[in-house]
Amino acid sequence: MVSKINQKENFIKGIVKENPTFVLLLGMCPTLGVTTSAFNGFGMGVATLFVLVMSNIVVSLVKNQIPSKVRIPAFIIIIATFVTVVEMVLEAFVPFLYEQLGIFIPLIVVNCIILGRAEAFASKNDVFSSIIDAFGMGLGFVIALTILGATRELLGNGSVFDFKLTSENANTFIIFILPPGAFIALAYLTVIFNKLTSKITG
Amino acid sequence: MGKKKDTFFNMVISLLVITVVSGFLLGYVNDLTMAPKAKARLQKKVNALKIVLPKFDNNPVENVKRVKSEKVKDSIEIYTAYANKNKVGIAVTGSSEKGFNGLVKLMIGFKPNGDIQDIQILDQKETPGLGTKMTKEKFLKQFRGKNPSTYKLKVKKDGGDIDALTGATISSRAFAESVQIAYDEFVKTIDSI
Amino acid sequence: MEYIVILIAAVFVNNIVLSQFLGICPFLGVSNKVSTSIGMSGAVLFVMTIATIVTYLLYQYILVPAGLDYLKTISFILVIAALVQMVEIMLKKVSPPLYKALGVFLPLITTNCAVLGVAILALGLENGSLLKATFFAMANSLGFALALILFASIKEHLELANIPKGMKGVPINLLVAGLLSLAFLGFTGLV
C-alpha cells in the first residue's frame with residue numbers, strides 16, 4: 001500500500017482541526033471527570049494516548065485478518081486488553097495517580113476516541129500512518145485535558161501542577177473544582193479555542 | 001492481501017485468536033506487576049508508619065495485630081513500635097464510611113500516654129480542593145500533641161474542638177470519627193500489648 | 001431504608017451524569033428532543049439493569065473464584081456488547097413496538113460509559129448483594145433519565161433563545177449542563 005497521506009497534516013489535524021475534545025467532543029466523560037487538577041488531566045491524557053497508539057498499531061496490523069462483521073467486538077477486545085495493561089501498570093508503579101483517576105481508568109475502554117480512530121482510521125490505513133494519527137489525536141487529547149485541568153485548578157485552588165500561585169488563605173472559586181465547574185470551564189475554553197482556530201485557519 | 005470473508009468459521013476463529021492472545025498477554029502482565037503492586041501497597045503503609053510514630057528500631061509491620069470491629073468494614077490494624085525494647089508508640093488505623101464520597105481511612109500514631117503523635121491519610125475519595133484539604137498541614141496540625149481523653153474529636157458545629165475544613169464539614173466529620181474509632185481501640189489494647 | 005438512601009443518592013445527590021460524569025456522550029448527543037431522550041432513557045434502564053445483574057454474577061461466581069478479577073474490564077465490556085446485541089434481537093422478535101421505540105438507541109449504548117461504569121461501581125457497594133446491585137443499577141438509570149430529560153426540555157427552549165454567535169452550539173449546551181449540575185449540587189448532604 002502506497003501511503004499518499006501527508007504525515008505532517010495527519011499529525012497536526014488531531015491537535016487543531018479535529019481536536020477530539022474541543023471540536024469532535026469525544027471522550028467527554030474522562031475529560032470532565034478527572035480534570036480537577038492539571039496533573040490528573042495530564043495523567044489521564046497520557047494513559048489514553050498510550051492505549052490509542054497501541055490499539056491503532058494492532059488494529060492496523062490485523063485489519064485484513066478480521067471479517068468485517070465482527071470487527072467492532074474484535075477492536076473492543078484489543079482496546080480492553082491495553083486498558084487493562086495500563087490499569088495494572090499504573091497500580092504497580094504510580095499508585096498515587098491510580099487512586100486519583102479511579103473508575104475512569106477502566107472507562108478508557110468506552111472512550112469513543114479510541115474506538116472511533118480504530119474504526120475510522122486504523123482499519124483503513126497502514127501502520128505508520130495509524131501511529132502518526134494516534135499520536136496526533138492523543139496529543140490533542142492530552143493538551144485539551146491538561147489545559148482544562150490547569151484552568152480548573154488555577155481558578156478553584158489557586159495553583160497549577162500543585163504549584164501555589166496565590167497565598168494560602170486566598171479565596172478561590174471552589175466551584176471550578178466541583179462538577180458544575182467542569183462544564184462551565186469547558187464551555188468557555190471551547191469558545192476560546194474556536195475563536196483562535198478560526199483566526200488561524202481564516 | 002485481501003480482506004477475510006465473513007464466513008462463520010472465520011468470524012469465530014478470528015475472535016477466538018484475539019481473545020486467547022489477549023488473555024495470555026494480560027495474565028503475563030498481571031504476573032509481572034503482582035509483586036510491584038503488593039510492594040507499592042506495603043510501602044505506603046511503611047511510609048505512613050514512619051511518619052506517625054516516634055523513631056523506632058523494630059519492624060512494626062511484622063507484628064501487626066488485626067482486630068475486627070463492627071464500626072469498620074475491614075479490620076482495625078494495630079502496629080506497635082519499640083526503640084531499645086521500650087514501647088515508644090502505637091499506630092492504629094481508623095476509618096469511616098461517612099465521608100462525602102464514602103471511605104476515609106487514616107493511620108493514627110499515639111504515644112503510650114494517648115497523645116496523638118501524627119496522622120496520615122491512607123485512603124480518601126473526597127472532593128478535590130475541599131475535602132482533600134484534610135491532607136494539608138493546616139488541618140492536621142490541630143490534632144498533633146492532643147490527647148483525645150480531653151480533646152473532643154468532633155467538629156465545632158457538633159460541640160467538639162475541631163475546626164472543620166471550609167465547605168467540607170462532612171469530610172471533617174468522617175475524619176474525626178476515624179480518629180475516635182482508632183483512639184477507642186488504642187485505649188482497649190494499650191494495656192494488653 | 002437503606003434502599004431509599006441508595007435511590008436518593010443515585011438520582012439526586014450523586015447523579016450519574018451531572019456529578020459523576022458518566023454517560024456524557026448520549027447526554028450531549030441524544031438530547032435534542034424530549035421524546036428521543038425518553039426513548040434513550042428507557043433503553044438505558046433496560047440494558048443497565050440486565051448488564052449489572054449479569055456482570056455482578058460473572059464477577060462474584062466466576063472471575064473472583066478463579067482469581068481472574070483482572071479480566072474484569074475486558075469481560076464486562078464483552079458482556080455488555082453481547083447483551084446489547086441480544087436485547088436487540090429479542091426485542092425485535094418479542095415486542096416489535098418496544099423495538100421500534102428503543103431500537104435505534106441500542107447500538108449507541110455499548111459505548112455509553114454509564115453502563116460499564118455502573119457495572120463496575122456496583123461491585124464496590126457496601127454489604128453488596130445481587131438484589132442491591134440490581135437496585136443500584138435501576139436507581140442510577142433513573143438518575144440518568146432525570147438528567148437527560150431535564151436537559152432535553154431546556155434545550156428545546158434554547159432553540160428559540162437569542163444566543164451570542166460564539167456561544168452557539170456546544171458551548172451553550174455545556175453551560176446549561178453546568179447550571180443543571182450546579183442545581184443538583186444543592187442536594188449535597190441530603191443523605
Side-chain angles (χ1 to χ4, degrees), chain A residues 21-35 70 72-73 75-88 91 102-116 119 175-176 178-195 198, chain C residues 14-29 70-78 80-82 85 107-121 123-124 164-186 188:
Chain A
T21 305
F22 294 129
V23 183
L24 302 179
L25 287 179
L26 294 176
M28 280 291 124
C29 300
T31 305
L32 297 166
V34 302
T35 51
V70 291
I72 299 287
F75 295 167
I76 290 180
I77 302 174
I78 293 169
I79 295 168
T81 308
F82 288 115
V83 170
T84 312
V85 169
V86 167
E87 198 177 352
M88 291 168 177
E91 189 182 355
I103 182 152
F104 288 100
I105 302 174
L107 290 184
I108 296 176
V109 177
V110 280
N111 187 328
C112 346
I113 299 173
I114 299 171
L115 189 61
E119 166 73 1
I175 193 73
F176 278 99
L178 294 171
F183 290 107
I184 296 169
L186 184 63
Y188 284 108
L189 283 176
T190 312
V191 175
I192 297 171
F193 185 86
N194 288 344
K195 196 88 196 159
S198 71
Chain C
N14 286 323
N15 186 283
I16 187 158
V17 182
L18 296 169
S19 79
Q20 309 232 48
F21 299 115
L22 298 175
I24 299 281
C25 291
F27 178 72
L28 293 173
Y70 60 89
L71 291 179
K72 177 177 76 187
T73 312
I74 196 166
S75 55
F76 280 21
I77 189 73
L78 279 179
I80 292 170
Q85 289 273 308
L108 292 173
I109 293 181
T110 313
T111 49
N112 180 344
C113 58
V115 178
L116 181 61
V118 167
I120 295 176
L121 287 175
L123 301 177
K165 202 174 134 223
M167 293 296 292
K168 265 193 186 134
V170 178
I172 192 74
N173 286 343
L174 286 171
L175 266 191
V176 169
L179 292 177
L180 256 184
S181 161
L182 198 58
F184 272 72
L185 202 62
T188 301

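Just so it is clear: chains get the letters A, B, ... in the order the sequence lines come, proteins before strands, and each one is counted from 1.
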Taking all non-hydrogen atoms of both residues, which atom of Leu18(C) and which atom of Phe183(A) are closest, and how far apart? O-CE1, 4.1 Å
What is the minimum heavy-atom distance between Pro171(C) and Ala187(A), and which atoms define it? O-CB, 3.4 Å
How many angstroms lie between atom CG of Asn194(A) and atom NZ of Lys165(C), to the nearest 0.5 angstrom? 11.0 Å
Okay, Thr81(A) and chain C: the region with an atom under 4.5 Å from a heavy atom over there is both
To the nearest 0.5 angstrom, please state how far the CG atom of Leu186(A) sits from the CG atom of Leu174(C). 5.0 Å
What option among Ala114(C), Ser19(C), Ser75(C) has the most heavy-atom pairs under 4.5 Å with chain A? Ser19(C)
Shortest non-hydrogen separation from Cys25(C) to Gly27(A) and the atoms involved: SG-N, 4.5 Å
Side chain, backbone, both or neither: which part of Leu26(A) has an atom under 4.5 Å from a heavy atom of chain C? neither
Would you please name every residue forming a side-chain hydrogen bond (donor to acceptor under 3.5 Å, both in side chains) with Thr35(A), sequence neighbours left out? Arg152(A)
Distance, nearest 0.5 Å, that separates OG1 of Thr73(C) from CD1 of Ile105(A): 9.5 Å
Examine whether an atom of Ile172(C) lies under 4.5 Å from a heavy atom of chain A, and if so say whether it belongs to the side chain, the backbone or both; otherwise answer neither. neither
Which answer fits Leu115(A), side chain, backbone, both or neither, if we ask what part of it has an atom under 4.5 Å from a heavy atom of chain C? side chain
Between Phe104(A) and chain C, which part of the residue has a heavy atom less than 4.5 Å away: side chain, backbone, both or neither? side chain
Minimum heavy-atom distance between Ile77(C) and Ala80(A), given as atom pair plus value: CG2-CB, 4.1 Å
If you count heavy-atom pairs under 4.5 Å with chain A, which of Val170(C), Leu71(C), Val176(C) comes out on top? Val170(C)
Residues forming a side chain to side chain contact (heavy atoms under 4.5 Å, CB included) with Leu78(C), sequence neighbours excluded: Ile77(A)
Quick one: closest heavy-atom pair of Pro180(A) and Gly178(C), and the distance? CB-O, 3.5 Å
Pairs of heavy atoms under 4.5 Å with chain A: top-ranked of Leu175(C), Leu185(C), Leu179(C): Leu175(C)
Does any heavy atom of chain A fall under 4.5 Å from the side chain of Gln20(C), the backbone, both, or neither of them? backbone
Do Ile80(C) and Val110(A) come close enough that some side-chain heavy atom pair is under 4.5 Å? no
Which value, rounded to the nearest 0.5 Å, describes the distance between Ser181(C) atom OG and Ile184(A) atom CD1? 7.5 Å
Distance check, rounded to the nearest 0.5 Å: Leu32(A) atom CG versus Leu28(C) atom CG? 8.0 Å
Correct closest heavy-atom pair for Cys29(A) and Phe21(C) would be CB-O, 3.2 Å
Heaviest contributor of heavy-atom pairs below 4.5 Å to chain C, chosen from Val34(A), Val109(A), Ile72(A), Val83(A), is Val109(A)
